[in-house]
Amino acid sequence: MTYTKQILRVNLTAGTCVAEPLNQEWADQYLGQRGLATKYLAAEIDPKVDPLSPDNKLIFATGPLTGTPTSTGGRYSVITKGPLTGAIACSNSGGYFGAELKFAGWDLVIFEGRSPRPVYLLLEDDQATLLDAAHLWGKTVWETEETIKQTHQDPQMRVSSIGRAGENGVLFAAIVNDLHRAAGRSGVGAVMGAKNLKAFAVRGTRTDSYTVAEPEAFFKAVAAAKTVLAGNGVTGQGLPSFGTQVLMNVINEVGGLPTRNGREVQFEGARAISAEAMHELRPTDGKPNLINHNGCFGCTIACGRISKMDPGHFSIKDKPQYQAASGGLEYEAAWALGAAAGVNDLEALTYVNFLCNEDGIDPITLGTTIGAAMELYQLGLITKEEAGLELPFGSAQALVKLAELTVAGEGFGQVIALGSKRLCAKYGRPELSMSVKGLEFPAYDGRAFQGMALEYATSNRGACHVRGYMISPEVLGIPVKLDPAATEGKAAMLKAFQDLTAVVDSAGICLFTTFAWGAEDIRSQLEPAIGGSWPMERMLAAGERIWNLERNFNLAAGFTAKDDTLPPRMLTEAANAGPQKGNVAELGKMMPDYYQVRGWTPEGVPTAETEARLGL
Ligand code: SF4
């Protein structure tokens, strides 16, 4: 089976690293990665714990398909209690780190306690060592990764680390691996920083770290599934050519692009920050922003963007380190740093995205928090004197300056570092935070897509698009076309999406495969990889079990049905333009259905029957 069957427990307080066998019974129920690590976390911490205290734990987890030849099988997740939200946090990343961790022989690595001084973990196959990181503290992700590789004379070492944002306690700090792949959301990087853990370096050379249970059936299924990806218009053409940025013009045209802190649903500058614009030659230097695309470990889609900025742009004129090619822009970052703040300067967005990768910060929360600050500034609640600069919507200069201040932990950046919920509460207008459970929603407006509205309201880690991507049926017609304005039937469809996504995130593959793969394409690879009998009902029940496990963690942490809602703006201020003009998010019509199809009480609590059915 494709588990390594061992986990590593790193006690940062005591400075010890101890191997222990994987709890296979839990793996059988929760698959791996997101599900399995959440099971360990829920069993080992008090859900009410302060996320930044030593009592919280931070788990790096691979799935049963991580490191296998399955397309996109290089994913890993970081699971903890999130400091931005106080809810369960699970952030998923690609690149090559996850596969390397599997090749070193580990399903999970659990960090607990807090080191008395900055350290990094060096994990070379079964040799785990905590090393002094005093010389790395204060360095960026990019510097840290390079320094560690040079120190150990191993360019093939994979490094996952925090930048200055994680050290400075930015509540939406990310953990970045392979220079520009990030476990980005919910502030997992802040937890890493609070533990004085600067980096996690891994080198795996074992050829026997796992075995495939039924190789012939597995490789046959993998080959068939890769053919499906190659033949699909989205995964075979759209994503490789245009990346996720292909969505910018599409979502804008259907009137679902939240603009200027969600006050509008279409952005007049969308085209200037779109995939198409990234391909075009710049008038300033005659070169395009986009220079290449790339993929994560084992990926046959390769949606990643590689960009090179105009060296004469105001943001990097005197900064040669940003004049080389680097990762980005992806759609969510381009939207958050662009439309959410009303900024249409593609080069400025590219630079700020570089900063987010370089210093480990979530661009979605950064951009949306800056958008909220701009609205507070426009209302006269934040002054120029307080911010240290003018903050009008649309100002690329303000976006760049605030991003620099935030990653450095300086000036008004210390306020942006709190995220939009705390920022808006500080200025007496909590309703202006476009967030759910403290996590800012991404690039789809809930007034235009009723299914996405319900997804934001119910997602266990706060407003999130990658827990049940209802844009697939509501815009792209995958697997069937649903009317985005309809509310009927959305609850059942969302539940199915959420449960299957929990399987995907726990298996070790990328969610983007589901533009082409149905549940059977995943099951047909998972079963011969793990071994044993995995009929569809068992696989989907695992997804539902994981969803309910996360729900129970949040309930125990203090969340209630009252938190399953949206910002008042989404519920009461109608969409101002586009095909969905006049609509608001109709949560009241969908939430009772949702609780019912989930087998929860009207108060949003899993019933005893549901818990018994799922073996919780
Ligand atoms: S589809 Fe994109 S994000 Fe997913 S594994 Fe491939 S390159 Fe990485």
Side-chain angles (χ1 to χ4, degrees), residues 32-34 61-78 90-102 158 160 174-185 222 225-247 275 278 290-307 325-335 353 356-357 362-364 442-443 464-467 469 471-472 476 478 500-501 503-517 521-522 525:
Q33 205 162 314
R34 172 177 159 189
T62 62
L65 293 178
T66 307
T68 73
T70 307
S71 185
T72 77
R75 313 295 297 190
Y76 76 101
S77 291
V78 182
C90 169
S91 280
N92 180 309
S93 181
Y96 290 77
F97 180 90
E100 198 73 20
L101 183 55
K102 192 74 167 279
R158 300 295 171 182
S160 202
I175 297 172
V176 181
N177 57 283
D178 301 293
L179 299 178
H180 48 247
R181 290 287 171 183
R185 302 224 71 191
V222 165
K226 284 181 178 171
T227 303
V228 171
L229 291 179
N232 181 276
V234 177
T235 53
Q237 293 164 18
L239 284 172
S241 301
F242 295 101
T244 52
Q245 268 277 66
V246 72
L247 286 165
M278 288 173 74
L290 182 79
I291 61 164
N292 208 344
H293 71 120
N294 71 357
C296 304
F297 172 86
C299 179
T300 54
I301 302 173
C303 76
R305 304 291 91 185
I306 301 293
S307 299
S326 194
L329 279 163
E330 314 298 341
Y331 172 57
E332 301 297 336
W335 162 79
N353 190 62
C356 289
N357 290 333
D362 170 12
I364 298 179
C464 172
H465 59 300
V466 287
R467 287 293 178 272
Y469 189 65
I471 293 303
S472 280
L476 305 174
I478 301 171
L500 183 61
T501 301
V503 171
V504 170
D505 290 345
S506 302
I509 53 177
C510 177
L511 184 60
F512 293 166
T513 57
T514 60
F515 288 121
W517 288 352
D521 294 304
I522 297 164
Q525 298 176 83

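Read the numbers this way: they start at 1 and go in the same order the structure lists the ligands and their atoms.
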Between Thr66 and Lys102 the two heavy atoms that sit nearest each other are O-NZ, 2.8 Å
Could you list the atoms of ligand 1 found under 4.0 angstrom from a heavy atom of Arg75?
3 (S), 4 (Fe), 5 (S), 8 (Fe)
Contacts of Arg158 that satisfy salt bridge (Lys or Arg N to Asp or Glu O under 4.0 Å) - sequence neighbours left out
Asp178
When you check the space around atom 8 (Fe) of ligand 1, which protein N, O or S atoms turn up under 2.8 Å?
Cys296 SG
In sequence, state the C-alpha distance, the side-chain angles, and the governing distance for Thr514 and Tyr469, and then conclude on side-chain hydrogen bond (donor to acceptor under 3.5 Å, both in side chains).
CA-CA 10 Å; Thr514 60; Tyr469 189 65; over 6 Å; no
So, using ring pair (Phe, Tyr, Trp, His ring centres under 6.0 Å) as the criterion, who are the partners of Tyr96 when residues are at least two apart?
none
Charged N to carboxylate O under 4.0 angstrom, Asp505 versus Arg467?
yes
Expected list for residues 228-236: side-chain donor-acceptor pairs under 3.5 angstrom, two or more places apart:
unit_1	atom_1	unit_2	atom_2	d
Asn232	OD1	Val234	N	2.8
Asn232	OD1	Thr235	N	3.2
Thr235	OG1	Leu229	O	2.8

